[in-house]
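The structure appears below as structure tokens.
Computed over heavy atoms, backbone and side chain alike; hydrogens, waters and symmetry mates excluded.
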Amino acid sequence: MKGILIAAAIFMACACSQTDRSVAYEELPLGSIAPEGWLRKNLELQRDNISGDLDETYPEVMGPRNGWLGGDGDQWERGPYWIDGLLPLAYILDDDDLKAKVEPWVEWALASQTEDGNFGPRTDYPAEPGLQRDNSLDWWPRMVMLKVLYQHYNATGDERVPVFFDRYFRYQLEALKEKPLDHWTFWAAFRQADEMNIVLWLYRRTGEKYLLELADLLHEQGFDFVEYFENEGISRPGSIHCVNLAQGLKEPVVYWSATRDDRLLRATDKLFADMPRFISYPTGMYGGDECLRDNDPTRGSELCSAVEFMYSLEEMLKITGNPFYAEYLERIAFNALEAQISDDFRLHQYYQQTNQVSVSLGNHNFSIMQDGTANLMGFLTGYPCCLSNLHQGWPKFTQNLWLRSSDGGLAAIAYSPCTVRTEVAGVPVTIREVTDYPYSDRIRLEISVDSPVAFPLHLRIPSWTDAPEVVVRPGRAYRIPADSTSVGTETAGAGTFTPGEIAVIDREWRDGDVVELHFPMKVSVSRWFENSATVERGPLVYALDVKEEWSRKVNRSGLRDGQEYWEVKPLSPWNYSLIYEDIDHPEEAFQANADGTVTARAVRVPSWTEVNGDAAPLPYSPVRQYGTFREFAHPTGEIETVTLVPYGRTVLRITEFPVLRAK
């Protein structure tokens, strides 16, 4: 993966013209994609636990007092955050109860629009513990509600929404001249791309020129991400809030969709090239415990950053058609996001660590401590923004599994088990994606159509596979060997499909057609902080399987952090190094097992211990020893066999291993 991260993001299958303002891909109506398999289980657990009843489990903020329901309670971002995830979850699962919970928020927002075009809460109230009752007129929470209303339109076709947007954007074009983005708080100046994206969507729909003026104004008043990326701003710890980076990194690409100024794309390419040098982890996330940090694997990485980074990548992918963003999206979803929410979707962790050897109350080495609760597993631990905002991650990932391409076709850009139902050229089309990906390297697309219909089918070929295979039955088969020279088994329309690109199969599809994808996943090793080593397989990152002891604690610090939390302590050793000789031959040295685990050789490093709840500083690799293994490492001198498991299945873990080299 690190090679992918370092490589500049090159357009390989961009279907949009350089001279217009179209985009490569567009979303299907919300609800067109039904999750299956492990993905449906995740979404149903999310519905039944942390997301579906937040108005009951967190009533002081999400209950009827919320300002976005007309109340005198919380007036700022948290209510819109929740609905920004709950609405797509409701329509993806076609859950009437969730839709009923969403409806009052949507209706209140639409009804709140005044004659001048503004909308939302307008009254500040005195401070109250646990609530944000001021800054009711701030631009930022309105940007979140705009995302909610866009999704409502995409799900229902409610034509009130484009009219509402038009009135608000006309109002804002004038109001920003007197009250700029940072008039109330600074957050909108860093996150204005969330709004600009909708402004430009409305422009593509209506052609109203004032919308381009508004996009220009948002860009001018916003933080200069282009200059920040060009001058390696991410190399300076503390130079930006971690979530502002996750949301703002799409701004140059969003603005590019209006201007076609390629400097914006070059700046974004430089960001992704620089991230592994300064801040990135193997999971795709980066060091940011409120303040931006470096890539030491004991730094924190905030949950809000993960879901917002995913949303940014989804939007960047649709604008450009660049498969690099889709691959990066999968990396975060299948690793970082999966690990930061408990398996039962009841608890979350505000900061996760790539090398995480305990989950405990304390300050650790984070820039913002959050009363020592940021590392804990809990319901309301850390800061409430993540409890409010985490809900968008999996639903929006699901919504972007299939997209409509600008050439009139359908596109499978990220992979997971699901069924998509839509129309192409007026013909109903259903494609069932049968797979256990990312835990399997095979995907079967079963196509059902009411009548034969021709359309291009876009399929992302992952860059990490060196011998992919695409088979169309009945019809053609394509095999792509490592040298990227394709071989067509029949004469009809064989194409060149290269790993890291998007393959396009343009043909007439008939009922019962099947497309079989095989993306062989080999075990590989990437190098990270202090030249440490990480084991990967396909889109999955692997970590040491540390045995865990969970203990429930009663919280006595007050309302903000919830009534209880969980600490997790190790019951098995974690301080292992991998063997230098194995790193250069991972396919031979590491064994991929049928249960999804990987076995590896490793040696204990007793001098690498726990300090203040964290793993001590990672020794630079290769670690050299000048005696026997007995003198340096394990007391018995033995090389052990250890089990590595997918990162997303861990709480305690070592992911970035030191590497031991004998004399």
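- Judged as a ring-ring contact (aromatic ring centres under 6.0 Å, His included), and not counting sequence neighbours, the contacts of His219 are Tyr255.
- Side-chain atoms of Thr57 come within 3.5 Å of backbone atoms of Asp53 as a donor-acceptor pair (strictly under, hydrogens ignored).
- Legend: residues meeting side chain to side chain contact (heavy atoms under 4.5 Å, CB included) with Glu159, ordered by chain and number and at least two apart, are Tyr153, Pro162, Arg205.
- For the pair Tyr328 (side chain) and Gly284 (backbone), a donor-acceptor distance under 3.5 Å is present.
- Here the side chains of Trp38 and Ser416 are in contact, with some heavy-atom distance below 4.5 Å.
- Remark: side-chain polar atoms of Asn49 are paired, donor with acceptor, to backbone N or O of Leu45 under 3.5 angstrom.
- Below 30°, between 30° and 60°, or above 60°: for Tyr286 and Phe309 the angle between ring planes is between 30° and 60°, a tilted geometry.
- Every residue meeting the side chain to side chain contact (heavy atoms under 4.5 Å, CB included) condition with Asn244, not counting sequence neighbours, appears here in chain and number order: Phe186, Trp187, Phe190, Arg191, Ile240, His241.
- Asp74 has no carboxylate O lying under 4.0 Å from a charged side-chain N of Arg65, or vice versa, which leaves the two without a salt bridge.
- Note that CD1 of Ile83 is 11.0 Å distant from CG of Leu149, once rounded to the nearest 0.5 Å.
- With contacts defined as side-chain heavy-atom distances shorter than 4.5 Å, the pair Glu308/Leu245 does not qualify.
- Using a 4.0 Å cut-off between charged side-chain N and carboxylate O, Glu26 and Lys318 make no salt bridge.
- Taking a cutoff of 4.0 Å between a charged side-chain nitrogen and a carboxylate oxygen, Arg167 and Asp116 do not qualify as a salt bridge.
- Residues Asn118 and Gln113 bring no donor and acceptor atom of their side chains to less than 3.5 Å of each other.
- Rounded to the nearest 0.5 angstrom, Leu329 CG and Ile413 CD1 are separated by 10.5 Å.
- In this model, a donor atom of one side chain and an acceptor atom of the other lie less than 3.5 Å apart for Glu330 and Tyr437.
- Judged by distance alone, with hydrogens and angles left aside, the side-chain atoms of Tyr351 form no donor-acceptor pair with the main-chain N or O of Ser301 at under 3.5 Å.
- A donor-acceptor contact closer than 3.5 angstrom is absent between the side chains of Gln192 and Gln221.
- Side-chain contact check for Gln352 and Gln340: at least one donor-acceptor pair (N or O, by modelled atom type) lies under 3.5 Å.
- Residues passing the salt bridge (charged side-chain N to carboxylate O under 4.0 Å, His left out) test with Glu220: none are found, sequence neighbours excluded.
- For Trp139, the ring-ring contact (aromatic ring centres under 6.0 Å, His included) test picks out Trp184, with sequence neighbours left out.
- Using modelled atom types and a 3.5 Å distance limit, the side chains of Tyr210 and Asp166 yield a donor-acceptor pair.
- In terms of modelled atom types and a separation under 3.5 Å, the side chain of Asn154 and the main chain of Leu28 share a donor-acceptor contact.
- Checking side-chain atoms of Thr381 against main-chain N and O of Met377 turns up no donor-acceptor pair under 3.5 Å.
- The cationic group of Arg78 does not satisfy the cation-pi geometry with Trp76, failing either the under 6.0 Å distance to the six-membered ring centre or the 45° limit from the ring axis.
- Taking 4.5 Å as the limit, some side-chain heavy atom of Asn66 sits within range of a side-chain heavy atom of Val61.
- Counting non-hydrogen atoms of neighbouring residues, nucleotides and ligands closer than 6.0 angstrom, the CG atom of Asp261 exceeds 12 such neighbours.
- Judged purely by distance below 3.5 Å, without hydrogens or angles, the side chains of Gln132 and Asn135 never pair a donor atom with an acceptor atom.
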Could you go through the side-chain contact (heavy atoms from CB on, under 4.5 Å) check for Thr398 and Leu43 one step at a time? CA-CA 9 Å; Thr398 304; Leu43 290 166; 3.5 Å; yes

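- When the salt bridge (charged side-chain N to carboxylate O under 4.0 Å, His left out) test is applied to Glu433, no partner is found at least two apart in sequence or on another chain.
- Classified by interplanar angle (parallel below 30°, tilted 30° to 60°, perpendicular above 60°), the ring pair His391/Trp82 is perpendicular.
- In this structure, Ser136 contributes its side chain and Thr123 its backbone to a donor-acceptor pair below 3.5 Å.
- More than 12 heavy-atom neighbours from other residues, nucleotides or ligands sit within 6.0 angstrom of CD on Glu227.
- For Phe379 and His348, the distance between ring centers is not under 6.0 angstrom.
- Without hydrogens or angle criteria, Arg404 side chain to Glu27 main chain gives no donor-acceptor distance under 3.5 Å.
- Arg142 has no carboxylate O lying under 4.0 Å from a charged side-chain N of Glu77, or vice versa, which leaves the two without a salt bridge.
- We find that Asp95 and Arg47 are joined by a salt bridge, their nearest charged nitrogen and carboxylate oxygen being less than 4.0 Å apart.
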Take Arg299 and Asp289 through the test salt bridge (charged side-chain N to carboxylate O under 4.0 Å, His left out) and record every step on the way to the result. CA-CA 7 Å; Arg299 308 297 191 220; Asp289 33 45; over 6 Å; no

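- Of the possible polar contacts, none joining the Tyr91 side chain to the Lys99 backbone as a donor-acceptor pair under 3.5 Å is found.
- The distance from atom CD of Glu338 to atom CG of Asp343, rounded to the nearest 0.5 Å, is 7.5 Å.
- The salt bridge (charged side-chain N to carboxylate O under 4.0 Å, His left out) check on Glu208 picks up Arg170, with sequence neighbours excluded.
- With respect to the salt-bridge test (charged N to carboxylate O, under 4.0 angstrom), the residues Asp84 and Lys396 qualify.
- A search for ring-ring contact (aromatic ring centres under 6.0 Å, His included) contacts involving Phe397 returns Phe334, Trp394, not counting sequence neighbours.
- In this structure, the side chains of Trp68 and Gln75 stay at 4.5 Å or more apart for every pair of heavy atoms.
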Residues 193-201 side chain polar contacts: donor-acceptor under 3.5 Å, at least two apart:
residue: Asp194; atom: OD1; partner: Lys250; partner atom: NZ; Å: 2.7
residue: Asp194; atom: OD2; partner: Gln247; partner atom: NE2; Å: 2.9
residue: Glu195; atom: OE1; partner: Gln172; partner atom: NE2; Å: 3.2
residue: Glu195; atom: OE2; partner: Gln172; partner atom: NE2; Å: 3.4
residue: Asn197; atom: ND2; partner: Glu315; partner atom: OE1; Å: 2.8

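- Here the two rings, on Phe272 and Tyr325, have centers that are under 6.0 Å apart.
- Cation-pi geometry between Arg293 and Tyr281 is not satisfied (NZ or CZ under 6.0 Å from the ring centre, within 45° of the ring normal).
- Looking at residues two or more places apart in sequence or on another chain, you find a side chain to side chain contact (heavy atoms under 4.5 Å, CB included) between Glu230 and Val226, Arg263, Ala267.
- Screening Phe165, Trp108, Tyr168, Phe169 against Phe119 for a ring pair (Phe, Tyr, Trp, His ring centres under 6.0 Å) leaves a single residue, Tyr168.
- With respect to the salt-bridge test (charged N to carboxylate O, under 4.0 angstrom), the residues Arg133 and Asp72 qualify.
- A donor-acceptor contact under 3.5 angstrom links the side chains of Gln370 and Glu290, judged on distance only.
- Residues satisfying the side chain to side chain contact (heavy atoms under 4.5 Å, CB included) test with Thr419, not counting sequence neighbours, are Glu36, Arg421, Thr430, Arg432.
- A search for side chain to side chain donor-acceptor pair (under 3.5 Å) contacts involving Thr185 returns Asp138, not counting sequence neighbours.
- Under a 3.5 Å cut-off, the side chain of Thr268 and the backbone N or O of Leu264 do form a donor-acceptor pair.
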